[in-house]
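Being a predicted model, the structure only gives us computed values, none of them experimental. Order of the sequence lines sets the chain letters (A, B, ...), proteins ahead of strands, with each chain counted from 1.
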Amino acid sequence: MKVWKRTGIVALAVIVTGAARMPVEHRLTAEMRAAGLMPATLDISTRERIGQTSAAVALGGLRTLVATFLNLRAFGFFTEQRWSNVDETYRLIVDLAPRTRYYWETASWHQAYNAAAYYQNQSALPALRRREAWRSSIVRGLEILDQGISNMPDAWPLHVQRGFLLRDPNKIRAFGDPEASFLAAAESYARAAEIEGAPEYARRFQFYTLARVSGREAEALALGRELHAESTAHHAPTLLSVLFALEMWENPEADAKALAIDLFGTEERAVEQLGLYWQRVRERFPTHGVARALEALYDARGTPASERIINQPPPRIYDPEEAFAPGPPQHD
Amino acid sequence: MNEPQAARATHIGRTLVIASNTFTQLVRMKVFYFLAVFGVIAIASNFFDMPQHTGPEAIGANVLRSIKSWSLGAMTLFSVVLAVVATALLLPKDVEDRTLYTILAKPVPRLDYLAGKLLGVLALIFVSLLAMDILMTAVLHIRTQIVLDQQMTLAAAMGYTEEARESLRAETLAQGPNWSLQAAVLAVFLRAAVIAAVAMLVSTFSTSTLFTAVISFLIYFIGHFQADLRSAWLAGGADGEGWIARGVSLLVSLILPDFQLFNVVDAVIEGQLVSIAVMAKLIGVGLFYVIFYTLCSWLIFAEKEF
């Protein structure tokens, strides 16, 4: 057989089998994409930003390897406190490996915590600019978590991290209305708790945050009672203290001392835990009946007035806003 | 033994002898030295455990991924380079050494010769991947145990319940050595096998080793876009592509293999599980490509004059 004839047969065979395998491969690709086994197409802007060499490697089926290298580069930027570079690098990393929870968490942590703390203490900048940089870093950290959650809705740690960020007393002012933040945090914890494998503390934190939202006290109280009745593992001091305050909110005429002893088990434990709870003013927990219970407990124990926590000025608490006052940064 | 069975046994026997000789020939080229490099990579990847945010979930979360990412990345690179370069070298080297004339002067069908050569290369890739897989699995297993111990200690100190600790343990073990990781290594082998078969087809009409290697690498890279081009063709110009773009999409989709199908490595590193059904389909697709390109190579090589 002539060479051209053989080559023709091969070309024809390639085209015919190509046409035959096209629908099969298309179905298999769709199946693998649905199962999360095949990455989505890398968009052009990502290809341009990672550079020619890395793009070639990424297109050759090694996206996670490129993401690993970029993570090393981001760590270098972090040590040099080049926050915009850190953010830009993590944008690339999560484009390359959108289903790696670690990258979303780390990207958010760098912006919301490390960059925010840096700007808070950066005395070289005017106070107004520092405050804006601090605020926008925290908001960017939240935005990263939101993007991560939309990519990995079943990753409970992302929901929990979102809750932690939204209710953090050092960050909450960056989000505007604190009550709206607490409500958003409660919703994050609730979503985390619905996911299989989520730790039980997610529901406790949902309770703690919901209790701080005006108008949602009844809902929070129902959840607190449910958790308290469910298991002694939930009987953390904070849960007992918040539950006490909400019970007193519902029934202000109740015997505060009796309720406190009933919840905490002993008079000594009640006075100790409620005293500590009373001092957590910056966390904005409800304090209905706490002062009354403490007074009654102190009276019963014969504690001198000078030693009563409720008679002492609230502890000096560092307020992040102080850092933005004119002059050098202040620390506690 | 009846006549057809005897003939078949002879075919297989001849192919295996050529495969065995090819394997020995490639081993003598000292290709296994790269395993030392891989060993360094697998061990070095252990040291990229960077300080991160607090909590037991964060301990070692990066290092296990780093070991898999570096190891599977190195496996992919080594296997593809071995597949292309070793296959591209085979025919020219046999011509240069005049071994080809000695073999073809005997009653050895050219299909047996080509199949034997390809099998020899695939055996080399398989043994190499097996060695790398054993090393990666061992390193990953040891490191997973270390990470688990650290996580459980911190989780216990932080008052995690038994249920929460079990959940954390399951999540960490999913990042360790498991079936999906082995499936990813098998997918790496399948991809290398397909590109080796493609390189062999190119080498049957190519006039130089360099040409074969360059064209094969180009096919490898373009093959990763095949799924996108196929989608563009099947979309029927819905995204506004012109007829030239659609024609090119169709041509590439028809001619080139879809290498993206075998790219489950990224998903496995990200913790996805590969089902046996998907793996069986990938093996089927891989076998189809290897057999088809070998037959095409034979059609061109069958009456080639030397």
Just so I understand: if I count every heavy-atom pair under 4.5 Å between each of B/S275, B/A267, B/A302 and chain A, which residue has the most? B/A267
Contact between B/L254 and A/V14 at the side-chain level, heavy atoms closer than 4.5 Å - yes or no? no
Under 4.5 Å, counting heavy-atom pairs only, tell me which of B/V278, B/V274, B/L261, B/L256 racks up the most with chain A. B/L261
dist B/T76:OG1 -> A/L65:CG (nearest 0.5 Å) comes out at 8.5 Å
Contact part of A/A13 toward chain B, heavy-atom cut-off under 4.5 Å: side chain, backbone, both or neither? both
Identify the two heavy atoms, one from B/S69 and one from A/T64, that lie closest to each other, and give their separation to 0.1 Å. OG-O, 3.2 Å
Please state whether the side chain, the backbone, both or neither of A/E31 comes within less than 4.5 Å of a heavy atom of chain B. side chain
Contact winner vs chain A - B/V80, B/L72, B/L250, B/I255, heavy-atom pairs under 4.5 Å: B/I255
Need one label for A/M22: side chain, backbone, both or neither, based on atoms under 4.5 Å from any heavy atom in chain B. both
Do you know the tightest heavy-atom contact between B/A227 and A/T29? CB-CG2, 4.4 Å
Does some side-chain heavy atom of B/R65 sit less than 4.5 Å from a side-chain heavy atom of A/T100? yes
Side chain from CB out, backbone as N, CA, C, O: work out which of these in B/Y289 comes under 4.5 Å of a heavy atom of chain A, or both, or neither. side chain
Any side-chain heavy-atom pair from B/D258 and A/E25 closer than 4.5 angstrom? yes
Whatever's closer than 4.5 Å to a heavy atom in chain A on B/F292 counts as side chain
For the interface with chain B, which of A/A67, A/G197, A/A20, A/A11 has the highest count of heavy-atom pairs at distances below 4.5 Å? A/G197
With a 4.5 angstrom heavy-atom cut-off, which part of B/E166 approaches chain A: side chain, backbone, both or neither? neither
Applying side chain to side chain donor-acceptor pair (under 3.5 Å), name anything that partners B/S180, two or more places apart in sequence or on another chain. none
For atom CD of A/E80, is the number of surrounding heavy atoms from other residues, nucleotides or ligands below 6.0 Å larger than 12? yes
Is the closest side-chain heavy-atom distance between A/V24 and B/K281 below 4.5 Å? no
Given heavy-atom pairs under 4.5 angstrom as the criterion, report whether the side chain, backbone, both or neither of B/L251 touches chain A. neither
What residue in B/V268, B/L234, B/L295 has the most heavy-atom pairs under 4.5 Å with chain A? B/L234
So what's closer than 4.5 Å to chain A heavy atoms on B/F205: side chain, backbone, both or neither? neither
Hey, are the side chains of B/S231 and A/H26 touching, using non-hydrogen atoms and a 4.5 Å cut-off? yes
Which atoms of B/V285 come close to chain A, meaning under 4.5 Å heavy atom to heavy atom: side chain ones, backbone ones, both, or neither? side chain
For A/P23, which atoms come within 4.5 Å of any heavy atom of chain B: side chain, backbone, both, or neither? neither
Should the pair B/E171-A/R101 be classified as a salt bridge under the 4.0 Å nitrogen-to-oxygen rule? yes
Judged by atom type as modelled, is there a donor-acceptor pair below 3.5 Å linking the side chain of B/E270 to the main-chain atoms of A/R99? yes
Return the option, out of A/I15, A/T17, A/N114, A/T7, with the maximum number of heavy-atom pairs under 4.5 Å with chain B. A/T17
How about CH2 on A/W83, more than 12 heavy atoms from neighbouring residues, nucleotides or ligands closer than 6.0 Å, or not? yes
Between A/R6 (side chain) and B/I300 (backbone), is there a donor-acceptor pair under 3.5 Å? no
Could you tell me which portion of A/F69 (side chain, backbone, both or neither) has an atom closer than 4.5 angstrom to a non-hydrogen atom of chain B? side chain
A side-chain contact here means heavy atoms from C-beta on lying under 4.5 Å apart; do A/M38 and B/N263 qualify? no
